[in-house]
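First the proteins, then the strands, lettered A, B, ... as listed; each starts at 1. All values derive from a computational prediction rather than experimental measurement.
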Amino acid sequence: MLFSQEIIQWYHQNKRDLPWRNTTDPYIIWLSEIILQQTRVEQGLPYFNRFVAAYPTVRDFAEAAEGEILRLWQGLGYYSRARNMHKAAQTIMQQYDGIFPKEYNSLIKLPGIGEYTAAAIASFSSNEPKAVLDGNVFRVLARYFGISEAINTGKGKKLFSKIAEEMLDKANASVYNQAIMEFGALQCKPQSPNCAVCPISIGCYALRENKVNFLPVKIKGKASRDRYFYYFIVRDQDKIAMQKRGSKDIWENMYEFPLIEYPIAIDLVQLKETSIFRQLFGSDCELEVISTPKKHVLSHQNIYASFIEIKNFNHLKTKKKVWNYVFIKDLDTLAKPKLIFTFLRDHIICNN
DNA sequence: AAAGCGGGGCA
DNA sequence: TGCCCAGCTTT
């Protein structure tokens, strides 16, 4: 049997029942696809359900506030996805009269939609014959055909893209695309794939040559860099100082406590002597360490975060005019990075 | 072409 | 620990 037909048959027998598979509505499929970028199905599933409930139509999404969307996205990571979705939804209201496009060539122009996502939405919603190429497809193709070209170079992507298009069952693009991804996720897994019961083990290069654990090939990225964050808990009765992060760094537009970032790890005495600390808090307040340096790992950074409460703080004696104080009861309406909302939860300042 | 962007799960 | 996950955008 043909490669594509074997994969499709396997899919019909082994597929998971996932909510976004019961529709051809491109809006719903878009929600699921953006959420699932670089994200496991189990992690994304509860977010998908929340977004469908909160924004049943693309109009609802477009009319929401960015802060509300980010709050719903809180904890999922790669927050530019949420900001780009908001822009895309507004573009669809303006340029497509609120009708979510199904054509690859229209989808690819929307913010946050790249080649993979455009192919996925187009094929799932209207069976347009565009092959998806995600981490699963790279792995299945690399192993089955024995492709040792790296998957994260321009040359490699071009090569794999060509093979993916050749293997696509053009008359059944929707089912085939979902099938090969599901096959990669459940059967041809990164670690310990289930080669013993694989329907395409005959013909698999990697199994034959004992290279399953060496394919696909990926060029390693740069090592993570270390950053040292000193967060300050500044209370004013039933309020607490919060600030919104800017652009060109992690967690854009999300909220955190007043922060001093320092290039190296330092202790409280050194911290109080820094000019930035004096500008923010003066020199006659007391500090109490609430949480000693906690390592927060991102894909490309290690953040060592300390949480320090400022006592006896008189803002009138500093150059900084006023902090943005937020009622503690309103904290849960703000979108915060994981590092911040877990701190709040663990110290019972608010639930999330 | 390479870097930047989260958070979680698993061996 | 290192690697990977239904990748995209910016530099």
Using a 4.0 Å heavy-atom cut-off across all strands, classify [X] as base, sugar-phosphate, or nothing.
X	answer
L76(A)	base
Q178(A)	nothing
D249(A)	sugar-phosphate
Q301(A)	sugar-phosphate
W73(A)	nothing
G75(A)	sugar-phosphate
R21(A)	base

Assess, by modelled atom type and distance only, whether the side chains of [X] and [Y] contain a donor and an acceptor separated by less than 3.5 Å.
X	Y	result
R21(A)	Q178(A)	yes
Y55(A)	E68(A)	yes
E33(A)	Y116(A)	yes
N253(A)	E66(A)	yes

Side-chain N or O of W30(A) closer than 4.0 Å to phosphate OP1/OP2 of dA6(C):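 For dA6(C), OP1/OP2 do not have a side-chain N/O of W30(A) under 4.0 Å.
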At under 4.0 Å, does any side-chain N or O of H300(A) touch on OP1 or OP2 of dC5(B)?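 H300(A) to dC5(B) OP1/OP2: side-chain N or O found under 4.0 Å.
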Enumerate donor-acceptor pairs with a distance under 3.5 Å from any side-chain N or O in residues 193-208 of chain A to protein atoms, sequence neighbours excluded.
from: S201(A); atom 1: OG; to: C198(A); atom 2: O; distance (Å): 3.2

Take the angle between the ring planes of H86(A) and F61(A) and call it parallel below 30°, perpendicular above 60°, tilted in between.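 Tilted: the ring planes of H86(A) and F61(A) meet at 30° to 60°.
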Figure out the [atom1]/[atom2] separation between [X] and [N], and round it to whole Å.
X	N	atom1	atom2	value
F51(A)	dA6(C)	CZ	P	19 Å
I219(A)	dA2(B)	CD1	C1'	12 Å
K189(A)	dA6(C)	NZ	P	12 Å
R83(A)	dG6(B)	CZ	P	7 Å
L110(A)	dT9(C)	CG	C1'	14 Å
I34(A)	dG7(C)	CD1	C1'	9 Å
K155(A)	dA2(B)	NZ	P	13 Å
E42(A)	dA6(C)	CD	P	8 Å

What does the list of N/O pairs under 3.5 Å between the protein and nucleotides 1-5 of chain C look like, with a distance for each?
from: dC3(C); atom 1: OP1; to: K220(A); atom 2: NZ; distance (Å): 3.3
from: dC4(C); atom 1: O2; to: R40(A); atom 2: NH2; distance (Å): 3.2
from: dC5(C); atom 1: OP1; to: R139(A); atom 2: NH1; distance (Å): 2.3
from: dC5(C); atom 1: O2; to: Q38(A); atom 2: O; distance (Å): 3.4
from: dC5(C); atom 1: O2; to: R40(A); atom 2: NH1; distance (Å): 3.4

Just do the side chain to side chain contact (heavy atoms under 4.5 Å, CB included) check on V58(A) and Y96(A) with the steps written out, would you? CA-CA 11 Å; V58(A) 66; Y96(A) 296 92; over 6 Å; no
Taking the P atom of each, how far is dA6(C) from dA11(B), in whole Å? 15 Å
If we take the P atom in both dG6(B) and dT10(C), what is their distance in whole Å? 14 Å
Going by side-chain contact (heavy atoms from CB on, under 4.5 Å), D330(A) matches just one of V326(A), D332(A), I328(A), L334(A). Which one? V326(A)
Nearest to the side chain of [X] - [options]?
X	options	answer
Q37(A)	dG8(B), dC5(B), dC8(C)	dC8(C)
T117(A)	dG6(B), dA6(C), dG7(C)	dG7(C)
K338(A)	dG7(B), dG7(C), dC5(B)	dG7(B)
D134(A)	dG7(B), dG4(B), dG7(C)	dG7(C)

Map T153(A) and K248(A) onto DNA chain B by nearest heavy atom, then report which one ends up closer to the 5' terminus.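 Going by which nucleotide is closer to the 5' end, it is T153(A).
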For the backbone of Q243(A) and the side chain of N324(A), can you confirm whether one donor and one acceptor N or O come within less than 3.5 Å of each other? no
